[in-house]
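Remarks on the structure that follows.
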Amino acid sequence: EAQVTQNPRYLITVTGKKLTVTCSQNMNHEYMSWYRQDPGLGLRQIYYSMNVEVTDKGDVPEGYKVSRKEKRNFPLILESPSPNQTSLYFCASSLGRMPYNEQFFGPGTRLTVL
Amino acid sequence: AQTVTQSQPEMSVQEAETVTLSCTYDTSESDYYLFWYKQPPSRQMILVIRQEAYKQQNATENRFSVNFQKAAKSFSLKISDSQLGDAAMYFCAYRANFGNEKLTFGTGTRLTIIP
C-alpha cells in the first residue's frame, strides 16, 4: 500500500531532550516536506526537500533540523525541544518536478513538550 | 507572500442540506493551484478537491464542488446533500506552480453536521 508513515504517533517529552520524528514514504517520491499544525494557524511548512541531500527552510524552521540521506526517509530533529514546539506535525511527499503532483500526508505526530 | 483566509471558524448544516465554506487568497502569481482538504477526527489530511488557476471551469467531485472566482481571488467549497461523515475541519490551501511545492493553508473551518 502506497503511504507515508510517521513515528511516533504520540510523544510527550521534556524541555531540552533531543528527539527525532521519523517519516518514510514508499512511493519513490522526490519531494518531501514537514508541516506543523497549531490551532488558529492552520498548517505551516517547517522544512522541505526536493531530492536526496537537498533540503531548505520553510516558513517556520527555527528549532528544527532535517536530513535527507535516502530518498524514502526525511526525519525531523528537535535538538532542544521547547514548549512552543508542542504541536501536531505532518510529513508529506509528492513526485516533484512536475506542474502538479498531489501531496500525500502522513497520519500526524502529536508532540507535547513539558 | 501568499496568504489564505478562511473567515468562518465554524459552520453547521442539517444533514442532507447544502453548505458553502468560504476561502479567499492573495497572490501576485497567475499560475497556481487551489485545494480543499478535509481533516476528520482521525487527523488524517484528505484531499477533497483541487482547482487549476488556468481552468475557468469549476472543479467537481461527486457532492463537492467549488466556485472559483479568479479575479476576486475567491475559492469556496460547496457540499451538497451533507452527510454525517462530512463532519470535519476543512482547510483551503494554495500552491504556486513553481519552486517549492509548499502548500499555504488557511486557518480552517470546523463543519458540524446536525442529524
Side-chain angles (χ1 to χ4, degrees), chain A residues 1-6 8-10 23 25 29-51 54-61 66 68 74 87-111, chain B residues 1-10 21-27 29-55 59 61 75 88-110:
Chain A
E1 179 190 357
Q3 60 183 347
V4 179
T5 57
Q6 295 178 227
R9 296 288 310 279
Y10 301 89
C23 172
Q25 49 88 10
H29 285 171
E30 290 191 353
Y31 179 89
M32 297 186 75
S33 179
W34 277 103
Y35 295 86
R36 61 177 289 174
Q37 180 181 353
D38 301 290
L41 296 176
L43 285 77
R44 295 174 293 167
Q45 190 184 55
I46 303 170
Y47 267 95
Y48 68 96
S49 170
M50 303 288 277
N51 211 330
V54 180
T55 64
D56 206 347
K57 297 177 181 178
D59 294 327
V60 288
V66 293
R68 188 90 182 274
F74 190 45
S87 188
L88 177 59
Y89 291 87
F90 286 98
C91 181
S93 74
S94 71
L95 277 171
R97 292 191 296 112
M98 294 180 67
Y100 171 74
N101 291 284
E102 179 179 348
Q103 283 196 29
F104 293 84
F105 283 81
T109 295
R110 169 71 68 185
L111 172 66
Chain B
Q2 293 81 16
T3 58
V4 177
T5 301
Q6 293 178 250
S7 59
Q8 307 155 315
E10 296 183 349
L21 309 184
S22 301
C23 173
T24 59
Y25 59 95
D26 188 23
T27 183
E29 304 296 332
S30 59
D31 193 9
Y32 51 86
Y33 298 91
L34 296 165
F35 306 87
W36 279 98
Y37 280 87
K38 172 185 178 181
Q39 187 179 48
S42 67
R43 303 185 322 218
Q44 183 69 45
M45 294 294 287
I46 302 166
L47 179 63
V48 175
I49 199 165
R50 69 175 171 92
Q51 174 80 43
E52 291 90 338
Y54 63 85
K55 288 186 177 180
E61 289 286 344
F75 182 62
M89 181 74 86
Y90 286 83
F91 291 98
C92 179
Y94 164 99
R95 202 207 89 179
N97 191 23
F98 63 90
N100 178 7
E101 295 187 16
K102 178 182 73 174
L103 291 165
T104 299
F105 287 86
T107 53
T109 297
R110 184 170 300 282

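All chains are named by letter (A, B, ...) in the order of the sequence lines, taking the proteins before the strands, and each is independently numbered beginning at 1.
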Report summary line: The interface call for Ile46(B) against chain A, heavy-atom contacts under 4.5 Å, is neither
Report task. Select one option (side chain, backbone, both, neither) describing which atoms of Arg110(A) are under 4.5 Å from chain B's heavy atoms. Result -> both
Query - Those residues that, when tested against Asp31(B), pass salt bridge (Lys or Arg N to Asp or Glu O under 4.0 Å) (two or more places apart) - result: none
Query - Counterpart residues, salt bridge (Lys or Arg N to Asp or Glu O under 4.0 Å), relative to Lys38(B) (two or more places apart) - result: none
Report summary line: In this structure, CG of Asn100(B) is separated from CE of Met50(A) (nearest 0.5 Å) by 6.5 Å
Query raised in the report: Side chain, backbone, both or neither: which part of Gln103(A) has a heavy atom under 4.5 Å from chain B?
Result: both
Query raised in the report: Which answer fits Leu43(A), side chain, backbone, both or neither, if we ask what part of it has an atom under 4.5 Å from a heavy atom of chain B?
Result: both
Report summary line: So, the part of Gln39(B) with a heavy atom under 4.5 Å from chain A: the answer is side chain
Report summary line: Comparing Gly58(A), Gly106(A), Gly108(A) against chain B, the one with the most heavy-atom pairs below 4.5 Å turns out to be Gly106(A)
Report task. Check ring-ring contact (aromatic ring centres under 6.0 Å, His included) between Tyr37(B) and all other residues, then give those that pass, not counting sequence neighbours. Result -> Phe105(A), Phe105(B)
Query - Ring centers of Tyr94(B), Tyr32(B) separated by less than 6.0 Å - result: yes
Query raised in the report: Could you name the residues of residues 31-39 of chain A that have a heavy atom within less than 4.5 Å of a heavy atom in chain B?
Result: Tyr31(A), Tyr35(A), Gln37(A)
Query - Most contacts with chain A, counted as non-hydrogen pairs under 4.5 angstrom, among Met89(B), Met45(B), Glu52(B) - result: Met45(B)
